[in-house]
Participant: 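Let me begin by handing over the structure; questions about it come next.
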Amino acid sequence: MPELPEVETTLRGIEPHLRHQRITSVVVRQPRLRWPVTEALSRVKNSAIHSLHRRAKYLLIETDHGHLIIHLGMSGSLRISDPERPLRKHDHVEFKLSSGKVLRYHDPRRFGAVLLTDEPPEQHKLLSNLGPEPLSADFNGEHLFRASRQRKIAVKNLIMDGHIVVGVGNIYASEALYLAAVRPAKAAGRVTAKRYDEIAAAIKKVLGDAISMGGTTLRDFVNTDGEPGYFQQTLNVYGRKQQPCRQCGTAIKLKVIGQRSTFYCPRCQH
DNA sequence: CCGGACTCCTGGGTGC
DNA sequence: TGCACCCAGGAGTCCG
């Protein structure tokens, strides 16, 4: 399940293979993704790729004929491949490149998206109301503190709200709150400024470490079937229900918050 | 505006 | 080994 570090790792993996390329054709095998992949996508045929960027978990590919906006949902991946390589089940969209390689979008659960927009991507409605990037200087404890006043939602839901800060998925939300020693269910409006400093720092650490890890284990994105080095970092709480806390030995608890599994140490986190 | 529920989908795990 | 069942999850959308 790609979280922000995996999306960043994907970007870094495919970027060298797409830079200075032209898209020579587009094949859509399964148009039913999060939003239908329409015929309009074929407009990128015969256009040059100028740049790749990431905003939140969206990959943005600038071409002569608009920006491709790609989201991996929770099971999506992008891979550079040789065209004669056999298709895998769920290889839904393919871009042929002037290099002779192809970029394949693969997504078993089809929660992802492949869109094309004429607008500057930051003005697209999916991107226009997003909060700051978690690793940017705009994101800090003060930002969280201000955004959380009068809010009754659980602090975990606050940090997972893309309007507040982008890129904090379910796994890293639990991990960051563990590092910050804050109970996930605590009302966001009742968390102090000081503790938001710790939460912001923990988010930066968890995501930053995961990106470094992705970078160091980055596989060749060409012709690999395996996933790149996702989740190699040691998780402290996520998925560790009933297992001992690494700091104090207390059994890790599982609690569903906002329909999502949430893990925490009842002794270390308050 | 806010909070919470619902929704899309398939693979993997479990229990019988 | 097969089958029914349940669950996971990003994030947009809807409802009260």
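Side-chain atoms are counted along with the backbone in the values below, which use heavy atoms only and exclude waters and symmetry mates. Proteins get letters first, then strands, A, B, ... in listed order; numbering begins at 1 in each.
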Participant: Between A:Leu158 (CG) and B:dG3 (P), how many Å, whole number?
Facilitator: 9 Å
Participant: Please classify the nucleic acid contact of A:Arg110 as base, sugar-phosphate, or nothing, using heavy-atom distances under 4.0 Å.
Facilitator: sugar-phosphate
Participant: Given B:dC9, is OP1 or OP2 found less than 4.0 Å from the side-chain N or O atoms of A:Ser75?
Facilitator: no
Participant: What is the distance from NZ of A:Lys89 to C1' of B:dT10, rounded to the nearest Å?
Facilitator: 8 Å
Participant: At less than 4.0 Å, is any side-chain N or O atom of A:His71 found next to OP1 or OP2 of C:dA11? Yes or no.
Facilitator: yes
Participant: Can you tell me if A:Arg195 uses its side chain to pair, donor with acceptor, with the backbone of A:Gly141 under 3.5 Å?
Facilitator: no
Participant: Could you state the atom-to-atom distance from CG of A:Asn129 to C1' of C:dA11 in whole Å?
Facilitator: 13 Å
Participant: For the pair made of CD in A:Gln259 and P in C:dA11, what is the distance, rounded to whole Å?
Facilitator: 16 Å
Participant: For A:Asp107 and C:dA11, give me the distance from atom CG to atom C1', rounded to whole Å.
Facilitator: 14 Å
Participant: Measuring to OP1 and OP2 of C:dA11, would you say a side-chain N or O of A:His163 lies under 4.0 angstrom away?
Facilitator: no
Participant: Using whole Å, report how far CH2 of A:Trp35 lies from C1' of B:dC9.
Facilitator: 14 Å
Participant: In terms of heavy-atom contacts, does NZ of A:Lys204 have more than 12 from other residues, nucleotides or ligands at under 6.0 Å?
Facilitator: yes
Participant: Give a yes/no on whether any side-chain N or O of A:Arg34 is located under 4.0 angstrom from OP1 or OP2 of C:dA11.
Facilitator: no
Participant: What contact category does A:Leu126 fall into here, base, sugar-phosphate, or nothing, at under 4.0 angstrom with non-hydrogen atoms?
Facilitator: sugar-phosphate
Participant: Can you confirm whether A:Arg29 is buried at CZ, in the sense that more than 12 heavy atoms of other residues, nucleotides or ligands lie under 6.0 Å from that atom?
Facilitator: yes
Participant: Say whether A:Thr262 and A:Lys156, considering side chains only, have a donor N or O and an acceptor N or O under 3.5 Å apart.
Facilitator: yes
Participant: Between A:Phe111 (CZ) and B:dC9 (P), how many Å, whole number?
Facilitator: 8 Å
Participant: If you take atom types as modelled and just measure distance, does the side chain of A:Arg260 reach the base of C:dA8 with a donor-acceptor pair under 3.5 Å?
Facilitator: no
Participant: Does A:Lys57 come within less than 4.0 Å of A:Glu6, counting only side-chain N to carboxylate O?
Facilitator: no
Participant: Quick check: on DNA chain B, is the nucleotide nearest A:Arg151 upstream (toward 5') of the one nearest A:Gln30, or the reverse? Name the residue that is more 5'.
Facilitator: A:Arg151
Participant: Verify the contact: side-chain N or O of A:Tyr172 to OP1 or OP2 of C:dG10, cut-off strictly under 4.0 Å; return yes or no.
Facilitator: no
Participant: Rounded off to whole Å, could you give me the NZ-to-P distance for the A:Lys57 and C:dG12 pair?
Facilitator: 11 Å
